[in-house]
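Notes for the one structure printed next.
By convention in this document, chain letters (A, B, ...) are assigned in the order of the sequence lines, proteins followed by strands, and residues within each chain are numbered from 1. Quick caveat: nothing in here was measured; it's all calculated off a predicted structure.
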2 protein chains.
Amino acid sequence: MSNHSESEKSLRRLILDSARKVVVEEGYAALTMRRLAKMIGYSATSIYLHFESKDALLHALIEEGMDLLHARLTEAVARAESDADAVRMVCREYVDFGLDNPEYYEVMFMLHPQRMERFPAGKYRRARRNLDVIGQAIRSASGSDGDADGPSLVKASAVWAQLHGAISLVIAQRVDASLDRDEFFNRIIDGTLSGLKLNAEAEAQR
Amino acid sequence: MSNHSESEKSLRRLILDSARKVVVEEGYAALTMRRLAKMIGYSATSIYLHFESKDALLHALIEEGMDLLHARLTEAVARAESDADAVRMVCREYVDFGLDNPEYYEVMFMLHPQRMERFPAGKYRRARRNLDVIGQAIRSASGSDGDADGPSLVKASAVWAQLHGAISLVIAQRVDASLDRDEFFNRIIDGTLSGLKLNAEAEAQR
DNA sequence: GCACTTAGTTAACGCTGTTAAGTATAAGAA
DNA sequence: TTCTTATACTTAACAGCGTTAACTAAGTGC
């Protein structure tokens, strides 16, 4: 049997937890199978008993991150005091998630794993759930007309994309060092919200 | 002397052109020193006579891309018929550049090269030039008040970030396949522009 | 003719992800 | 109890990676 003396929980979990630790603390580049093996006290090939490839391991990590993000987004919606407020809250929370967990965020949204074309469908569903939280918040805030003003998938994707752009550039240290980040993100969120034209009085145009 | 029979132009140029070809046609992952060497008919180590490292080669590629982008952005501004139009044109052009050259765009803005912290200052300057084109367009369109409504660096960065988010997600194939991309990008650009609140009466758009 | 520079080479180091084959150990069947 | 099979894991190796050290051949200046 296993009885590698230390394994109360499954090796799969041990691998995942160690991998997450490496990624979170030292970034994706530091994650190698041999190093991971040394950490968990098994040979590198043992990892392949639980994950088809390094990418598969990464995908599992992404799924965990998606769940974590989902929890934070839904909590943010729950905390909101109005439908309109919920959209702002969910945007703010998304940004904060990215800034709080840059390495996680990088793996989840910025990495370009080799085999991503043949990505397990389940992961897409998990990522989709997060987009749906945004979409639902927008729909609630838009009032009863529902999808009158264009399909909400486009709206939600646009909101997501705009927030993602700001987060990913900051994480990759591509923005000017002298940039005031609070002002930057406030502007991004305000701009994103104003692009939605939610409240009626702001609908002077269109 | 060199006289590797084929070299009219310098080996440095040959390396750069071949590297760009690989990246553009098959993506960054396909670019390896040994493969590049085989392409140009020299040994892999010869590349190190002209570039300090693979990252340095990549940086040179990024600079070329930045110049190309700069040319397109300034041309777009020149084509515009009004200051307000110029902002929209430059946004459109930026998006088109990304969609026209996804592999190039990936190397330029989505990759996270190892040694990027110690990036040659010249590259930053080249990247900054492109941000300045956006910033200048915004400033011109904002009228004479100049920087009254917040520093233009934040404004330009925000515009850039929002466009970048949309482009990078599409390139990484992270957006829903059923998404109408034209509608998506139109919404991104409109949202970005409305976030600038340039002049209220001219915003009778869309 | 000798030193020096230039442009290129080969061989190797220490990594990487991954696979094939082998080894104990436990469980189930005869 | 013995035979068989499955489980959990290992070692050794493959092919490839970026990079370096050491070398060679050819041209240049004195």
Side-chain angles (χ1 to χ4, degrees), chain A residues 1-20 22-23 26-62 107 111-120, chain B residues 1-20 22-23 26-62 107 111-120:
Chain A
M1 266 277 176
S2 67
N3 271 352
H4 227 274
S5 81
E6 61 206 301
S7 60
E8 183 67 19
K9 58 183 176 182
S10 76
L11 183 51
R12 187 189 155 88
R13 266 254 61 83
L14 183 60
I15 293 171
L16 269 176
D17 291 343
S18 304
R20 192 185 54 242
V22 172
V23 167
E26 305 183 48
Y28 166 71
L31 182 67
T32 74
M33 301 305 253
R34 283 177 171 85
R35 172 163 181 197
L36 195 49
K38 205 166 261 183
M39 279 182 72
I40 62 176
Y42 289 79
S43 71
T45 49
S46 288
I47 301 170
Y48 288 86
L49 301 172
H50 295 90
F51 298 94
E52 200 190 15
S53 64
K54 187 185 178 182
D55 269 345
L57 170 56
L58 221 50
H59 296 163
L61 232 47
I62 291 175
V107 171
L111 230 55
H112 206 142
Q114 237 74 323
R115 293 171 185 72
M116 197 140 248
E117 317 88 59
R118 297 250 162 267
F119 212 66
Chain B
M1 271 277 174
S2 66
N3 270 353
H4 226 275
S5 81
E6 62 207 298
S7 57
E8 183 66 19
K9 58 183 176 182
S10 76
L11 183 50
R12 186 190 155 89
R13 266 254 61 83
L14 183 60
I15 293 170
L16 269 175
D17 290 343
S18 304
R20 192 184 54 242
V22 171
V23 166
E26 304 182 48
Y28 167 70
L31 181 67
T32 76
M33 300 304 254
R34 284 175 170 84
R35 172 163 181 197
L36 195 50
K38 206 166 263 182
M39 277 182 74
I40 62 176
Y42 288 79
S43 71
T45 49
S46 288
I47 300 170
Y48 288 86
L49 300 173
H50 295 90
F51 297 94
E52 200 191 16
S53 64
K54 187 184 178 183
D55 270 345
L57 171 55
L58 222 50
H59 296 164
L61 234 45
I62 291 175
V107 171
L111 229 55
H112 206 141
Q114 236 74 322
R115 293 172 183 71
M116 195 141 251
E117 316 89 59
R118 296 253 161 264
F119 212 67

TODO: Work out which heavy atom in A:M33 is nearest to a heavy atom in A:A44; give both atom names and the distance.
DONE: O-CB, 4.1 Å
Task: Residue A:S46, side-chain atoms from C-beta onward, closest of D:dT19, D:dC9, C:dA7 - done: D:dC9
TODO: Nearest whole angstrom, please: distance from the C1' of C:dG8 to the NZ of B:K38.
DONE: 18 Å
TODO: Whole angstrom is fine here: how far is it from CD1 in A:I47 over to P in C:dG17?
DONE: 9 Å
Open item on the list: Measure CG/A:L14 against P/D:dC9 and give the value in whole Å, please.
Closed with: 10 Å
Open item on the list: Side chain of B:T32, heavy atoms from C-beta onward: which of D:dG18, C:dT16, C:dA7 has the nearest atom to it?
Closed with: D:dG18
Open item on the list: Tell me the interatomic distance from B:L36, atom CG, to D:dC17, atom P, rounded to whole angstroms.
Closed with: 11 Å
Open item on the list: Quick one, A:V107 and A:L31 - any side-chain contact, counting heavy atoms below 4.5 Å?
Closed with: no
Task: Side chain of B:R34 (C-beta onward), nearest among D:dC9, C:dT18, D:dT19 - done: D:dT19
- [ ] Could you state the atom-to-atom distance from CE of B:M33 to P of C:dA11 in whole Å?
- [x] 20 Å
- [ ] Tell me which of A:E52 and A:R35 sits closer to the 5' end of DNA chain C, going by the nucleotide each one is nearest to.
- [x] A:R35
TODO: Give, for atom CD1 of B:I47 and atom NZ of B:K54, the distance between the pair rounded to the nearest 0.5 Å.
DONE: 10.0 Å
TODO: Using the test side-chain contact (heavy atoms from CB on, under 4.5 Å), find all partners of B:R12 that sit at least two apart in sequence or belong to another chain.
DONE: B:S10, B:L16, B:H50, B:F51, B:A60
Task: Whole-Å distance separating the OH atom of A:Y48 from the C1' atom of D:dA8 - done: 17 Å
Open item on the list: Classify B:S43 by what it touches in the nucleic acid, base, sugar-phosphate, or nothing, heavy-atom distance under 4.0 Å.
Closed with: base
Task: Short side-chain N/O contact to D:dT10 OP1/OP2 from A:T45, under 4.0 Å - done: no
- [ ] Mind calculating the distance between CD1 (A:I40) and P (D:dA8) to the nearest angstrom?
- [x] 14 Å
Task: Whole-Å distance separating the CZ atom of B:R12 from the P atom of C:dG8 - done: 14 Å
TODO: Might you point out which heavy atoms bring B:A37 and B:S43 nearest each other, and give the distance in Å?
DONE: CB-C, 3.6 Å
